[in-house]
Amino acid sequence: MDKTSVVDEMRDSAAEKTPSPSYAFVDYCAVETPGPRGLVIFGASGDLTARKLMPSLYRLFAKGLLPNAFFVLGTSRSEMDDAGFRASMADAVRDAAPGVFEEAQWSRFAERLHYTAMRYEDDADFRKGLRERLQELERKFDTQGNRIFYLAVPPQVFSPVIENLGASGLSREERGCSHLVVEKPFGRDLESARELNRRIHRHFRENQIFRIDHYLAKETVQNLLMFRFANTIFEPLWNQRYVDHVQITAAETLGIGSRAGYYEQAGVLRDMFQNHMLQLLCLTAMEPPSAFIADRVRDEKAKVLRSLRRPDPASLEGTLALGQYGRGRIDGAAAAAYREEPGVAPDSLTPTYAAMTLFIDNWRWNGVPFYLRSGKGLASRRTEIAVHFKSVPFSMFPDSVEGPIASNVLVLGIQPGEGMSLTFQTKQPGSRICLNPVEMSFSYPKGVSLDAYEWVLLDCMLGDHMLFMREDSIELAWSILTPVLEAVSGGRGPRLSVYPAGSEGPAEAGRLFGASGRRWRPL
Ligand code: BG6
C-alpha cells in the first residue's frame, strides 16, 4: 500500500471508530471530550500510574473532560482487589494533586476504578482473566467496545503484553476502537526500535498506536506551531539569512533520584536527546504543513529528521560534549555526585549532561548551527528554545557606543516561565547615543489549561495522533543517535567531564562554539 492510501485508510478508520465529538469548556476554550472508553493500564501499581496517570485522569474528570461512559481497569502482578486499588490511588492523587482532591468528587471518580492481578507472560491470563473482566466492565459502563491499552510497564515487558494482546484477540477492532499507548523508552537503538515497531505491527495498525513523547504535549511546545504559522512577522526571518544560530536547552536541577536502574542503561542521550530534544528541534525548523492535522504535521517533522546531517562518529570532539555531575550544592544544600546515587556504579561512565551541534542540510537552514544541551544536577531548571538572530551588518554608531551591538534573541520558554520574549535595542533616555537592550515578553498565566499528561490521555482517547510519534520519526531519530552512542560506548567519543552539581555544566560544552564568539545562555 502506498503512503497516501495508508494515510487515507488511517483517516477513514479513525472517523469510523470515533463517535461524534462533544465539548467541555476549560479556561473559556472548547475542549473536545471523548466518546465512551475503557482504559486498561498495565503497570497500575507502578510509579508512573501513581505520579502521572491517575492524578491526570482525576483532574480530567474534575474538569468534566472524561466521558460518562468510562472506566479504568488497572492491572499488574501485585495481588489487590478493587477496594485496595482505589485506596492506594486516593493516596497517590492526594499527594500529586493536593489542591484538586475533593472527597465527594473522588468517590464518584473511584466508582470507575477497577483492578485485576495478572501475569504478563501468561496468555491464559489475557484470554480469560483480562478479557472476561473487560467484557463485564464494558457491559456495566456501556463503553461500546472502545478500549485503550496503556503500557505503563518497563520496556522489557512491552513484548509479552503486546504479543498476548494480539493472541487473545484484544488488539482487534471489532465493535469499537482498540488503541495501544506506548511509553518511552521506545527501543535503545535503531535495531531494537525497528524490532519493537515490527512486533507491534503484527497486531496493531499504525493508526491504533500512540507513542508518547510528553514534551509534545506541553502548552508552549504546542504553541510553537501557532506562533510560527499564525503570525506573518516571524516566518520571513526564520531562515539562514537572518538566524545566526539556535540554542535548545533542557536543564534540570534534580539528579536521577531513584531511577538509577533505568538511567544507568540510558544516559542523557537516550533519555532526552533521541526524543524530546530532537522533537523540539523539528518543531522549530519544520516547514509549514499544508493542514493542521496529525499526519501533515508529522510528515514535516520527519522531513527535518531526514535533512539532519549525521554527526561523524569519527570526529565527535568538535560537535559533542559529555558530562556527569559530581558533588556540589543545589539551592544552597549539599548535593551528592551521580556516582554516589543509590544504584549507580561507583565507576559509572553514564553521561548526565550532553551538548551537541547539529546542522540541517536544506535551503532554509543551510549553515545554521543548532546547539542542543540537556543535563541533570544543573544550576537551574529551564527548558527553552532561543533563536539568535544575526547582528546588524554594519554599525553606523560612533566608537563611543561600547562593544558590538547585541543581536536580537527570541526565546520560547517552555518551563518553568511558559511564554516568550524578544530582546531588541532601544535608545537609553537622556544620554545622546547610548543603546539599551530591552525585552518584550508574554507569559502564560500559571495553572491554565491542561498539563502534558492530561493532553496525552485525552488525545489518545480522542484518537488524535498530533502529539504522538509516528513510526518513521522514531526510527529516523534513532538513526541519528545510534552511531553516536556506539562511538561513545566504544571509547571513540569525547572525554566525560565531571561538573559540580548546581553548576552550568562542564566547561567543555563551550568547545562546540569554536572561535565563533557565541556562548551558551546562562542557566
Ligand atoms: C523524561 C525523562 O522523559 O523527562 C526524565 O526520562 C526527565 O529523565 C523528564 O527528568 C523531564 O520532563 P519534564 O516534563 O519534567 O521536563
Side-chain angles (χ1 to χ4, degrees), residues 43 46-53 55-56 59 96-97 150-155 181-188 193 210-224 248-281 283 322-325 330 335 338 341-344 348 350-354 372-385 412-418 444 446-447 449-457 467-469 473-474 477-478 481 501 505 523:
D47 190 51
L48 181 72
T49 306
R51 277 191 315 109
K52 298 283 188 192
L53 304 186
S56 296
R59 282 192 296 257
Y150 199 117
L151 299 188
V153 287
V181 187
V182 190
E183 270 289 339
K184 68 176 271 264
F186 198 96
R188 53 175 288 105
F210 293 77
R211 301 176 191 81
I212 289 195
D213 183 330
H214 77 284
Y215 259 58
L216 295 178
K218 289 182 189 279
E219 195 65 59
T220 18
V221 175
Q222 294 187 60
N223 182 41
L224 192 51
I248 302 181
T249 300
E252 297 178 87
T253 46
L254 293 178
I256 52 138
S258 57
R259 297 167 75 217
Y262 154 75
Y263 201 86
E264 274 282 84
Q265 302 303 315
V268 65
L269 290 173
R270 288 189 175 89
D271 187 46
M272 295 293 291
F273 277 66
Q274 185 272 339
N275 35 64
H276 312 322
M277 301 300 280
L278 286 182
Q279 286 299 308
L280 294 182
L281 179 146
L283 290 168
L322 296 175
Q324 188 188 75
Y325 61 84
I330 298 180
Y338 175 71
E341 301 277 20
V344 172
S348 170
T350 303
T352 59
Y353 175 101
L372 276 52
R373 68 176 159 164
S374 175
K376 296 198 181 285
L378 292 170
S380 62
R381 174 169 184 257
R382 169 139 13 124
T383 304
E384 64 174 31
I385 299 167
L412 303 150
I414 293 163
Q415 60 190 24
E418 290 95 346
Y444 278 101
K446 281 264 165 275
S449 187
L450 309 182
D451 85 358
Y453 266 90
E454 289 170 51
W455 277 122
V456 162
L457 286 160
L467 306 179
F468 298 87
M469 303 276 286
S473 281
I474 288 264
W478 276 122
L481 259 301
L523 290 177

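Since the structure is predicted, the reported quantities are computational estimates derived from the model, not experimental observations. Counting convention: from 1, in listed order, for ligands and their atoms alike.
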Which ligand 1 atoms does [X] reach within 4.0 Å, using its non-hydrogen atoms?
X: Tyr215; answer: 12 (O), 16 (O)
X: Lys184; answer: 1 (C), 2 (C), 3 (O), 6 (O)
X: Lys376; answer: 5 (C), 7 (C), 8 (O), 10 (O)
X: Gln415; answer: 13 (P), 16 (O)

Tell me, which protein residue and heavy-atom name are nearest [atom], and how many Å apart are they?
atom: atom 10 (O) of ligand 1; result: Glu252 OE1, 2.6 Å
atom: atom 12 (O) of ligand 1; result: His214 NE2, 3.2 Å
atom: atom 3 (O) of ligand 1; result: His276 NE2, 2.7 Å
atom: atom 15 (O) of ligand 1; result: Arg381 NH2, 3.9 Å
atom: atom 14 (O) of ligand 1; result: Lys218 NZ, 2.5 Å

Any Tyr263 heavy atom less than 4.0 Å to ligand 1: no
Short N-O contact, Arg59 and Asp451, less than 4.0 angstrom: yes
Flag for Glu384-Thr249: side-chain donor and acceptor within less than 3.5 Å: no
Test side-chain contact (heavy atoms from CB on, under 4.5 Å) applied to Leu254 and Lys376, step by step: CA-CA 6 Å; Leu254 293 178; Lys376 296 198 181 285; over 6 Å; no
By salt bridge (charged side-chain N to carboxylate O under 4.0 Å, His left out) - contacts of Arg270 (at least two apart): none
Nearest atoms (heavy-atom pairs only) where Leu457 meets Ser56: CD1-CB, 3.7 Å
side-chain contact (heavy atoms from CB on, under 4.5 Å) assessment of Ile385 paired with Ile248: CA-CA 5 Å; Ile385 299 167; Ile248 302 181; 4.2 Å; yes
Audit row: Asp271, Tyr262, side-chain contact (heavy atoms from CB on, under 4.5 Å) steps and yes/no: CA-CA 9 Å; Asp271 187 46; Tyr262 154 75; 2.5 Å; yes
Asp271-ligand 1 polar pair, N/O distance under 3.5 Å: yes
Partners passing side chain to side chain donor-acceptor pair (under 3.5 Å) against Glu183 (at least two apart in sequence or in another chain): Tyr150, Tyr453
